[in-house]
**Q** 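Got a structure here, written out as structure tokens. Questions coming.
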2 protein chains.
Amino acid sequence: MKKTRTETNQTIQRVIEISRQQFTEKGYANVALEEIVNEAQLTRGVIYHHFSNKKGLFLAVFEEVQKDIGKQIEIEAMKSDDLWEQLLNGCRAFLVSASETQNQRILLIDGPAVLGWDTFRKMDQEYAMNSLKEHLQLLLEEGIISPVSSIDALTHCLSGAMNEAALWIAESSNRPKTIQESMDTLQTLLNGYRM
Amino acid sequence: MKKTRTETNQTIQRVIEISRQQFTEKGYANVALEEIVNEAQLTRGVIYHHFSNKKGLFLAVFEEVQKDIGKQIEIEAMKSDDLWEQLLNGCRAFLVSASETQNQRILLIDGPAVLGWDTFRKMDQEYAMNSLKEHLQLLLEEGIISPVSSIDALTHCLSGAMNEAALWIAESSNRPKTIQESMDTLQTLLNGYRM
DNA sequence: TACAATAACATACATACTGTATGTATGTAA
DNA sequence: TTACATACATACAGTATGTATGTTATTGTA
């Protein structure tokens, strides 16, 4: 029964991976916990023990998705020293990553409804919006963008635009094309702020 | 049992109204059909008869929300003859309407997850995006905005920005302020396209 | 007007899923 | 070695949805 910490962590990770796949494929509401634990060759007791309930499991998966995407954005943004380029690189990385099948549904479709708005917002802020906001603030201070009536409003609008673009890209039959078109669009929109 | 057509339509409408309130207040997943029919002083048979299942009921409510918002947008946009002003008026009307409690949750949070992406997208297109796209197309043809690499991409980005702004407005403690800030932001972003 | 068909609404039943309570086995620390 | 805590398993209970069937009254037709 009881296992080493390493083994336990492996169990936890395996449950998360399997859940991620199942939630991605069928959506949260259509996945019974029994399916997940069957695939993991465990029983449901594990889930309640380690994650409290189904929602807790989803939260763990959601966090994993957010971390993956955040990492991608970080890597891509840092490929340039230029603040404006960093912003665009980050946008592109987000589009590429969030539009991938294994991230899209959990992050953008099921996330808000399953977690409830408050929790979703809190995590969205922690993993995505705060750094976007800081970056926009930097651009403002460096005089790269013109004074905004609200940095918060810009952060939210830009974030929303990217979320929707990611969903659009995900459903398109030509990913490279729609990614590029989305980037062109975001760039032109942001040129409204460019000094 | 059987009733006149008028009475039946009244029953249907009453079930939709009650559902709308309940879904708004608690979210789709946390409302049992029993609660809805109890309030309506009916039984669950009614729902299965008229709406097929719980999801069908939600779809009816969702459509009602979309129609309400679409109507608001139409009214507000038509308050100007100027195509650009019409766009902005429409944006504002959307923000005001979609950020209202009784619309926000059903439209923006539960909609995609409950209906499934394909259905949600189809209805979103029918009720919102197609007219936004047409309007942007008009602006393009009248030379008011500069040539875009993709009218679709712009439509999606703008739509996404507004959806997110509506959610942000809904959670703020000063609605008029955040509505104005969002409008300022949308306007500046769109100025990237202004000729 | 009478009657048959249909549909609006109700009820009974079955099933699936989540969560709770409890049990078992084992690692770790003293 | 023993006590404790925990990882995992099992049994049970409750809730919610959906399906099948029943009842009643309107509507359409002759």
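Note that the structure is predicted; figures quoted are calculated from it, not measured.
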**Q** Any chance you could measure A:R121, atom CZ, to A:D118, atom CG, to the nearest 0.5 Å?
**A** 10.0 Å
**Q** What string of B, S and - do you get for nucleotides 17-27 of chain C, 5' to 3', when a contact is any protein heavy atom under 4.0 Å?
**A** SBBB---BBBB
**Q** With a 6.0 Å cut-off on ring centres, are A:F120 and A:F62 close enough?
**A** yes
**Q** Taking side-chain hydrogen bond (donor to acceptor under 3.5 Å, both in side chains) as the definition, give me every residue that meets it alongside B:Q86, ordered by chain and number, with sequence neighbours left out.
**A** none
**Q** Roughly, in whole Å, what's the span from CG in B:N9 to P in D:dT26?
**A**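 It works out to 15 Å between those atoms.
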**Q** Tell me what B:T8 touches on the nucleic acid: a base, only sugar-phosphate, or nothing, going by heavy atoms under 4.0 Å.
**A**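 If one applies the 4.0 Å heavy-atom cut-off, B:T8 turns out to touch the sugar-phosphate alone, with no base involved.
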**Q** Cation over ring, A:R105 on B:W117, under 6.0 Å and within 45°?
**A**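 Because its charged atom misses either the 6.0 Å distance or the 45° angle limit, A:R105 does not stack over B:W117.
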**Q** Would you say C:dC9 has OP1 or OP2 under 4.0 Å from some side-chain N or O of B:T11?
**A**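 For C:dC9, OP1/OP2 do have a side-chain N/O of B:T11 under 4.0 Å.
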**Q** Regarding B:R92 and B:Q180, do their side chains bring together a donor and an acceptor under 3.5 Å, going by distance alone?
**A**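 Distance-only check passes for B:R92 and B:Q180.
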**Q** For the residue pair A:L95 and A:A166, what are the closest heavy atoms and their distance?
**A**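 So the minimum-distance heavy-atom pair works out to CD2-N, 3.9 Å.
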**Q** How close or far is atom C1' of C:dA7 from atom CG of B:L42, stated in whole angstroms?
**A** 15 Å
**Q** Within this structure, what is the CD1-to-P distance between A:I47 and D:dT10, rounded to whole angstrom?
**A**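 Roughly 15 Å, once rounded to whole Å.
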**Q** Would you mind reading off the distance between A:H49 atom NE2 and D:dT10 atom P, rounded to a whole angstrom?
**A** 16 Å
**Q** How many Å lie between CG on A:N38 and P on D:dA9, as a whole number?
**A**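 Distance, rounded to whole Å: 11 Å.
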